[in-house]
Amino acid sequence: MCMWSESDSLITAFWAMQEVGGRCGNMATKKLRRAGLSQELCDRLSRHQITTCRDFLCLSLLELMKVTGQSYWNVQKLLCKVSLACAPKMQTAYEMKMKRAINPSSAFLSTTLDGLDKSLHGGVACGSLTEVTGPSGCGKTQFCLMMSVLATLPISMGGLDGAVIYIDTESAFGAER
C-alpha cells in the first residue's frame with residue numbers, strides 16, 4: 001500500500017506483503033544456505049560477512065567474482081539462484097482476489113477512525129495506491145504518520161505486522177512528530 005500526500009509531496013510506502021500462513025517481507029534475510037548454495041560456498045561467503053540473500057544481492061558482479069573465486073557466468077547463475085530463492089511467490093490477480101475473499105480482514109488496514117473506516121468500506125485498501133489530499137494544516141501528514149504506525153503493529157493488535165518506508169521529498173519532515 002502506498003499513500004501519497006500530494007500537497008506536502010510526501011510518499012509513504014507500506015509493504016505489508018502477507019501470505020496465508022505467514023509473512024514474506026523477510027525474504028531478503030533468508031540465509032544463503034537455505035537458498036540452495038553449497039556449504040563450501042556459504043562458508044567462503046560467511047568469512048566475508050555475507051550470510052543472507054540481501055548481503056549477497058547487494059554486491060556487484062565484480063565483488064562476487066572476487067569473494068567466490070568464480071567466473072562471470074557462474075556468478076550470474078548464482079545471482080539468479082539467490083534471486084529466485086528470496087523472491088516472493090508469483091500470484092495472479094485471481095489468486096489475490098481469492099485470498100481476500102477467504103480473509104477479508106487482510107484486504108484493509110483500519111484507520112481506527114470509525115466514520116472514515118465506514119466511508120472507506122473497512123479502511124485503507126491494502127495493495128493499492130491511496131492519495132491523501134486537502135488544504136494545508138488539515139492533518140494529511142499526521143494521518144500518514146498514524147497509518148505508518150498502524151501498518152507496523154502486530155496483527156494481534158489490528159496492524160499488518162509490516163514494514164514502512166516514509167519518504168519526504170520536501171525535507172520538511174520533523175522527527176519529533
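Taking both residues in full, the closest heavy atoms of L109 and C126 are given as N-SG, 3.9 Å, listed atom of the first, atom of the second, then distance. Closest approach of C86 and L57 over heavy atoms only: SG-CD1, 3.6 Å. The two atoms that bring F143 and V124 nearest to each other are CZ-CG2, 4.3 Å, heavy atoms only.
In this structure, D117 contributes its side chain and T111 its backbone to a donor-acceptor pair below 3.5 Å. Under a 3.5 Å cut-off, the side chain of K81 and the backbone N or O of G36 do form a donor-acceptor pair. The closest donor-acceptor contact from the side chain of K140 to the backbone of P135 lies under 3.5 Å. Checking side-chain atoms of D55 against main-chain N and O of T52 turns up a donor-acceptor pair under 3.5 Å. S46 places no side-chain N or O within donor-acceptor distance of the main-chain N or O of C42, the cut-off being under 3.5 Å.
For the side chain to side chain donor-acceptor pair (under 3.5 Å) test, no residue two or more places apart in sequence or in another chain qualifies with T68.
L45 places none of its side-chain heavy atoms less than 4.5 Å from the side chain of T51. No side-chain heavy atom of M147 sits under 4.5 Å from any side-chain heavy atom of T130.
Around CD of Q39, the count of heavy atoms belonging to other residues, nucleotides or ligands within 6.0 Å exceeds 12.
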